[in-house]
2 protein chains.
Amino acid sequence: MNPSLARGLAYFLAGVLALAPAACTPPAPQPRQTVTIPDNEIDPAVWGKAYPEEYELWKKTEEPISARRSKYKTGMDSGPVTMDKLSHFPFMALLFNGWGFGIEYNEPRGHAYMVRDQLEIDSSRLGAGGVCLSCKSPYAPGLQKELGTDYYRKPFREVLAKIPEKNRDLGVACIDCHDHRDMGLRISRGFTLLEAFRAMGVDPGRLTRQEMRSAVCAQCHVTYNIPKDAEGQSVGLYFPWQKGNYGAITIEAIIAQIRSDPRVLEWKQAVTGFRMAFIRHPEYEFWTNQSTHFRAGASCADCHMPYTVVGVHKVSDHRVMSPVQADMKACKQCHAQSPQWLRDRVFSIQDRTVSILIRAGYQCATVAKLFETAHRARAEGKTIDAALYDRAKEFYEEAFYRTVFMGAENSVGFHNPPEGLRILGDAIAFGTRAEAYLRQALAKAGVEVPLKVDLEILKYVDQRGEKKLRFDPSLEFKDPFGLQDRFF
Amino acid sequence: MNPSLARGLAYFLAGVLALAPAACTPPAPQPRQTVTIPDNEIDPAVWGKAYPEEYELWKKTEEPISARRSKYKTGMDSGPVTMDKLSHFPFMALLFNGWGFGIEYNEPRGHAYMVRDQLEIDSSRLGAGGVCLSCKSPYAPGLQKELGTDYYRKPFREVLAKIPEKNRDLGVACIDCHDHRDMGLRISRGFTLLEAFRAMGVDPGRLTRQEMRSAVCAQCHVTYNIPKDAEGQSVGLYFPWQKGNYGAITIEAIIAQIRSDPRVLEWKQAVTGFRMAFIRHPEYEFWTNQSTHFRAGASCADCHMPYTVVGVHKVSDHRVMSPVQADMKACKQCHAQSPQWLRDRVFSIQDRTVSILIRAGYQCATVAKLFETAHRARAEGKTIDAALYDRAKEFYEEAFYRTVFMGAENSVGFHNPPEGLRILGDAIAFGTRAEAYLRQALAKAGVEVPLKVDLEILKYVDQRGEKKLRFDPSLEFKDPFGLQDRFF
């Protein structure tokens, strides 16, 4: 061989060998840069220096999903626009008429919007005061400690103003769920979740890491009640789990607690004039009540924050969204079927839940209108049978709370399908029996009630509040099984 | 080495080597003996010569399960004793009062008992005639062809007597599902199932083998109607699938068909005086209506006839039973969890279904008693509002058929959990609205109705029929969620 050719070839081969490791082997994960996060540091930008991948994903909770993948949960689709839940389910406008939820009630968007949405929503939704910050801001635990009862009671914007301006509309942040020293999971809401666990005899210190991967979500994705003083001012905040058990916080236990504490009758329903409590997004309660996924050992994070790869790091996806919106990626960790197959299963369950939810909702609305009729008749001097009336009221409340529970939980039944449909079946049972008692009582009083009660639904769902919010018929969810018109 | 010791050792080793193949390798599967099964041979003993393993398993359908493993399905526990379904669900005794099902209605036992149980049951259950043999005997297709309308109409025992005595109480046999030439699956019930498939536009010849592994079961595990002539004599038999589709034979389609054909109003409900149709064990309809297991490509045989090993043969288990009774063996083919875990899932679904079924059942019973009250009032000369009455009757029928559907399907909801609870939710919606209209109508007529209607349930469930069958309170299934007493 020509020496110079040989030398050239040798250089070439040496070059190939030198390049080979970079071209053929993936880069090895790098040890994380050590960044010290100061004690009590709230600003996510500081945490983000140590955990830039999680931080960037967390910031993405403000990005809408480009394509509509969900069938009934529309909040993530909308980006800058909020989706009107009262147009989705007009019966809610009637039932919640009398306070903020009946004026403006939107599908939840990404975590980034939790305070921003509060600043834009009809002001009636902030009536409870500073207490509304409890899940919305990482500053809440500090403010609650500092201000005591004033934290709950003082006007929302007044308490909000105590948060440094830069972080005022932050929403859930790293410190809400993580220990800054080792990124372990921690419960920051001692005054709500830890109290609720202790009331059930659960030692929060003994929860496993996998249990903690749900418990941190349970700081906010739960129902709660706001006790009021004699003047109607907020004086606290608690989860109504006192009569439940870990893994069995049933709707029956929640209703029993609510009905045992008149301080939590937070609002007056306009149509009936009844003081009522309320139920909010009971995700944790519903799902942990012996659902298949709970019993299989899954956690909230397994399905809503699946592991993903960013660069060379494997991190849990801090965008936090429905698996349906994320193209069923989380499901595929355990299930071998195609995304379309899995999605069809979800929709099949949700179709059935929505059908019965709509039935239960309009049933409650019908009863509310019959109470309105009964009250009008009484005002005109007619006598309404007290035994029938009282039992109807009791049953109406049972139906109402069940219906609100299922209307508020954010999976449209998927988190626990048979339990959801059981709850709704009982909602219909209680609600329709209440209608039966009222029809009987009204007939006894000589009041005619037609086969279908006129719900005057537009009166409630159209032209709502200071913004004169309109009913958008294109958003309404109709009964997928087409039976609705037989009843209402 | 001592020569004799060496020789002894050599013999010993030779013996070990000779034994080794038998001791260490499992015997190879033997080719099956060729036995010719004559055309149209019905006798299983002849088939059994070719397929002794399947034959022996088939014979075991007469053996009870020693330990009670199921929670709500008790028929396989009992062996020689039948389990009284009307004691399990006393509301059924009230609703079915007026014909055989209200007198004696037992939990199904193993396949071996299908004719034997008919010979022992209260004779009112055989009133429809020879038609009752259609699923009970492999001779049925031949008799139907031979006798024409007389097959349906003639007294049960008269048609039964045409079967050779030896095979008179045979129950389902090989020929009902198999081709004698190659053991392939075949549909023997052309006059029912094939007609029903064709009415939905399904070409039975195009069903896959896996679909056939369910279709052969669908020859009998379906609901059916028996049209009557003007004299009330049976003139046919059909499955009410005409308004359904393959994979979507919904309860709505079934009810629409039933209500469109007055010939199938087979009986008169005693409490209301209404002529009614009936719904029987709609396993195939319920399960194929988009259940998860159906959509996952399972067949009836996958879960109820799992593969098993008999000697050196792998055969499907012809004992045919609930996977729960068989210690979840079939489930473990696909599911990795423990039998106890899987069983708990089944029971969790069944508890919820039973709770709402009981609610729906007593709701129908309540409405029936209110119709009885209304009829009595009318007989006394009082006026019952016609519009309220008519709508109540329409809704009552909708509720009744849904409740009977879910009370008759043999999985207590498991075959299709959300669909079952949807059906029951609507049953309660229709049934309780019917109660509402009747309470209103009765109040208008000046008739007092108490908060809880007295169902006089013992009048119906105790001392039934020629055998004076007693209510057994120890068998009654109570609402697992404890809400029943609030309503009834």
Side-chain angles (χ1 to χ4, degrees), chain A residues 250 252 290-292 295-296 337 341 344-345 348-353 355-356 359-360 363 366 385 387-388 391 394-395 398 413 417-446 448-451 481-483 486-487, chain B residues 250 252 290-292 295-296 337 341 344-345 348-353 355-356 359-360 363 366 385 387-388 391 394-395 398 413 417-446 448-451 481-483 486-487:
Chain A
T250 62
E252 284 80 8
Q290 303 304 309
S291 75
T292 290
R295 293 286 297 142
Q337 293 89 345
W341 191 94
D344 284 350
R345 291 288 81 213
S348 168
I349 289 162
Q350 292 182 332
D351 282 348
R352 284 156 177 81
T353 307
S355 177
I356 302 296
R359 202 95 67 249
Q363 186 56 53
T366 299
D385 182 296
L388 289 166
R391 188 63 61 85
E394 175 196 333
F395 276 28
E398 295 279 354
E419 177 66 4
L421 283 154
R422 178 186 82 85
I423 291 170
L424 289 171
D426 278 335
I428 293 173
F430 277 114
T432 321
R433 181 62 74 81
E435 174 177 351
Y437 292 145
L438 287 176
R439 283 184 180 267
Q440 182 178 357
L442 286 164
K444 281 178 78 170
E448 275 289 332
V449 175
L451 285 170
F481 294 89
L483 291 170
R486 304 278 296 271
F487 292 93
Chain B
T250 63
E252 285 80 8
Q290 303 304 310
S291 74
T292 290
R295 293 286 298 142
Q337 293 90 344
W341 191 95
D344 284 350
R345 292 287 82 212
S348 168
I349 289 162
Q350 292 182 331
D351 282 348
R352 283 157 177 80
T353 307
S355 177
I356 302 296
R359 203 93 68 250
Q363 187 54 54
T366 299
D385 183 293
L388 289 167
R391 189 63 61 85
E394 175 197 332
F395 277 28
E398 295 279 354
E419 177 66 3
L421 283 154
R422 178 186 82 85
I423 292 170
L424 289 171
D426 278 334
I428 293 173
F430 278 114
T432 320
R433 181 63 72 82
E435 174 176 350
Y437 291 145
L438 288 176
R439 283 184 179 267
Q440 182 177 357
L442 286 164
K444 282 179 77 170
E448 275 289 330
V449 176
L451 285 170
F481 294 89
L483 290 170
R486 303 279 295 271
F487 292 92

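Source: prediction; values computed, not measured.
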Is a side-chain N or O of Glu435(A) found less than 3.5 angstrom from the main chain of Ala436(B), in a donor-acceptor match?
no
Quick one: what part of Ala434(B) sits under 4.5 Å from any heavy atom of chain A, side chain, backbone, both or neither?
neither
Find the one option among Asp426(A), Thr366(A), Ile349(A) whose heavy-atom pairs under 4.5 Å with chain B are most numerous.
Asp426(A)
What part of Arg295(A) gets closer than 4.5 Å to chain B, counting heavy atoms only: side chain, backbone, both or neither?
both
Between Glu419(B) and Gln290(B), does a side-chain hydrogen bond (donor to acceptor under 3.5 Å, both in side chains) hold up when you go through it step by step?
CA-CA 9 Å; Glu419(B) 177 66 3; Gln290(B) 303 304 310; over 6 Å; no
Show the nearest heavy-atom pair for residues Leu424(A) and Thr353(A), with the distance to one decimal.
CD1-O, 3.6 Å
Given the options Glu398(B), Glu394(B), Arg486(B), which has more heavy-atom pairs under 4.5 Å with chain A than any of the others?
Arg486(B)
When only pairs under 4.5 Å are counted, which of Gly413(A), Gly425(A), Ala429(A), Pro417(A) shares the most heavy-atom pairs with chain B?
Ala429(A)
At a 4.5 Å cut-off on heavy atoms, which part of Asp351(A) comes close to chain B: side chain, backbone, both, or neither?
neither
Side-chain heavy atoms of Lys444(B) within contact of Leu388(B), under 4.5 Å
yes
Proximity breakdown for Ala427(A) and chain B, heavy-atom pairs closer than 4.5 Å:
neither
Specify the closest pair of heavy atoms between Trp341(A) and Thr292(B), including all atoms of both residues, with the distance to one decimal.
CZ2-O, 4.1 Å
Under 4.5 Å from any heavy atom of chain B, what part of Glu252(A) do you find: side chain, backbone, both or neither?
side chain
With only heavy atoms counted, which part of Ser348(A) is less than 4.5 Å from chain B, the side chain, the backbone, both or neither?
side chain
Within 45° of the six-membered ring axis of Phe487(A) and under 6.0 Å from that ring's centre, is NZ or CZ of Arg433(B) located there?
no
If we only count heavy atoms from C-beta on, is the Arg352(B) to Phe481(B) side-chain gap below 4.5 Å?
yes
Going by the angle between their ring planes, with limits at 30° and 60°, are Tyr437(B) and Phe395(B) parallel, tilted or perpendicular?
tilted
Is it the backbone or the side chain of Leu451(A) that comes under 4.5 Å from a heavy atom of chain B, or both, or neither?
both
Ile356(A) portion near chain B, given a 4.5 angstrom heavy-atom threshold:
side chain
Could you tell me which portion of Arg359(A) (side chain, backbone, both or neither) has an atom closer than 4.5 angstrom to a non-hydrogen atom of chain B?
side chain
